[in-house]
Amino acid sequence: MTQDTLNARYRTFQKSLSSVDHELLDAFSPPLLLKIPDDWQQAAHRVMWIGQETADWSWEGKQLKADGVDWDYPDIMSLKDFAENEISLDALTYGYGEFEFAANHRVNRSPFWRYFRWTMDEVRKHGNVSAVWTNVVRSSANSDQGYSLWAVPDTLRAEFLARQRGLLTAEIEILQPSLIIFVSGPHYDGFIGHELDGYKSVALAPFTVRRAARLLHPVLPENTFRTYHPGFLNRNELGFSPIQAMIDQYSRT
């Protein structure tokens, strides 16, 4: 359960991009790469929070320094920059740690991060917590049509999914979280299936399987769940209730 082990898998991914056409590399943002928290292994509750994809996960030194981030790396603005600069792996894991779950970022009050903090507060009632955040899709699209994989042509989408396959599995196997919550919504289930072939979804009572599900797969811990993205939860009558049901279920095991 070490950063070096995780970085070795990230390095394999980085090297695999050397043979990729520049059209694909230019079409995506730099990838989200985790930095394992110092308190992870000792925590009573290790929570992995999994979203959809990043929105503008790029790193420009001039702006970062203006924001008070001590950034001594080259600019990393695309998947191409990540592929072509070996040091970018160290840079992105460093940036992940500096981001601190949007603690001082303009998106701090977004539904995604508010629900994340509420979840940690609820789990913390049962003991000390450490958390990591990752995504179903490793990079966002650099497209005028949006950030999701649907914003790029089918061929680029398929190629990117093939290249990122195994990264999420490696993170789960290396970190061994005790609780995983996918807040990716049912429309991303196909992308989860591309990563975790043959996984199954079982409705978490009293919700329908689309609203809240337990996910079953040999790689996943017993307490793995999926619900809607917090932006959607925040706009309808569900609110925090599906996630609360997941935490309640987790606390009983």
Side-chain angles (χ1 to χ4, degrees), residues 32 34 43-55 101 110-127 129-138 146-150 157 161 164-173 175-253:
L32 181 68
L34 277 60
H45 305 287
R46 300 185 302 276
V47 182
M48 180 174 280
W49 179 259
I50 306 180
Q52 296 175 345
E53 68 277 307
T54 55
F101 308 116
S110 70
F112 186 87
W113 291 113
R114 286 191 287 115
Y115 276 62
F116 170 83
R117 290 192 296 273
W118 292 342
T119 298
M120 298 312 124
D121 288 344
E122 287 299 310
V123 177
R124 196 171 289 113
K125 293 176 181 178
H126 305 284
V129 178
S130 187
V132 291
W133 151 62
T134 190
N135 283 322
V136 175
V137 180
R138 193 59 39 169
Y147 293 114
S148 77
L149 282 184
W150 292 286
R157 179 165 63 250
L161 286 171
Q164 75 155 24
R165 189 173 189 182
L167 289 180
L168 180 58
T169 296
E171 289 169 348
I172 294 169
E173 291 180 332
L175 273 73
Q176 292 292 299
S178 56
L179 171 63
I180 296 178
I181 299 178
F182 285 84
V183 286
S184 50
H187 294 301
Y188 279 66
D189 284 358
F191 299 146
I192 296 174
H194 192 273
E195 176 73 19
L196 301 170
D197 186 43
Y199 89 99
K200 298 186 183 302
S201 299
V202 179
L204 180 66
F207 304 97
T208 66
V209 72
R210 286 181 61 82
R211 292 187 167 196
R214 183 190 290 274
L215 303 190
L216 306 174
H217 187 274
V219 167
L220 299 173
E222 176 186 358
N223 289 290
T224 299
F225 306 97
R226 191 269 298 138
T227 188
Y228 286 104
H229 187 278
F232 181 88
L233 292 173
N234 203 50
R235 292 192 300 270
N236 65 58
E237 77 283 359
L238 289 171
F240 194 68
S241 60
I243 297 176
Q244 186 64 64
M246 295 168 186
I247 297 169
D248 292 344
Q249 179 68 36
Y250 170 67
S251 69
R252 291 193 288 269
T253 60

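Every heavy atom of this structure was used, including side-chain atoms; hydrogens, water molecules and symmetry mates were not. These figures come from a predicted structure and were not determined experimentally.
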Quiz prompt | Atom NE2 of H187 with >12 non-hydrogen neighbours under 6.0 angstrom | solution = no

Quiz item: Considering residues, nucleotides and ligands other than N236, do more than 12 of their heavy atoms fall under 6.0 Å from its CG?
Solution: yes

Quiz item: Can we say E237 and R211 salt-bridge, meaning some charged N sits less than 4.0 Å from an Asp/Glu carboxylate O?
Solution: yes

Would you say [X] and [Y] make side-chain contact, with heavy atoms under 4.5 Å?
| X | Y | answer |
| --- | --- | --- |
| F182 | I192 | yes |
| F101 | M120 | no |
| T119 | F240 | yes |
| I50 | L168 | yes |
| T227 | M246 | yes |
| L238 | F207 | yes |
| I181 | M48 | no |

Nearest heavy atoms of [X] and [Y], plus distance in Å:
| X | Y | result |
| --- | --- | --- |
| Q244 | E122 | OE1-OE1, 3.3 Å |
| P186 | Y228 | CD-CE2, 3.3 Å |
| P221 | I172 | CD-CG2, 4.4 Å |
| G198 | H217 | C-CD2, 4.4 Å |
| N234 | P111 | ND2-CG, 3.9 Å |
| V209 | V202 | CG2-C, 4.1 Å |

Practice problem: Show your reasoning for whether side-chain contact (heavy atoms from CB on, under 4.5 Å) applies to I243 and V183. | Solution: CA-CA 9 Å; I243 297 176; V183 286; 4.3 Å; yes

Give, for atom [atom1] of [X] and atom [atom2] of [Y], the distance between the pair rounded to the nearest 0.5 Å.
| X | Y | atom1 | atom2 | answer |
| --- | --- | --- | --- | --- |
| Q249 | L204 | CD | CG | 6.0 Å |
| R114 | L233 | CZ | CG | 11.0 Å |
| L34 | L175 | CG | CG | 6.5 Å |

Whether [X] side chain and [Y] backbone form a donor-acceptor pair below 3.5 Å:
| X | Y | result |
| --- | --- | --- |
| R46 | Q176 | yes |
| R252 | I247 | no |
| Q52 | V136 | no |
| R165 | H194 | yes |
| R214 | F225 | no |

Quiz item: Would you call the rings of Y250 and H45 parallel, tilted or perpendicular, where under 30° means parallel and over 60° means perpendicular?
Solution: perpendicular

Practice problem: Hey, can you tell me if W150 and F191 have their rings parallel, tilted or perpendicular (30° and 60° cut-offs)? | Solution: tilted

Tell me yes or no: between the side chains of [X] and [Y], is some donor less than 3.5 Å from an acceptor?
| X | Y | answer |
| --- | --- | --- |
| T253 | N223 | yes |
| E53 | Y188 | yes |
| T134 | E171 | yes |

Quiz item: Out of W49, Y115, W113, F116, which one pairs with W133 under the ring pair (Phe, Tyr, Trp, His ring centres under 6.0 Å) rule?
Solution: W113

Practice problem: I would like to know whether V137 and Q164 meet side-chain contact (heavy atoms from CB on, under 4.5 Å); could you show each step before the answer? | Solution: CA-CA 8 Å; V137 180; Q164 75 155 24; 4.3 Å; yes

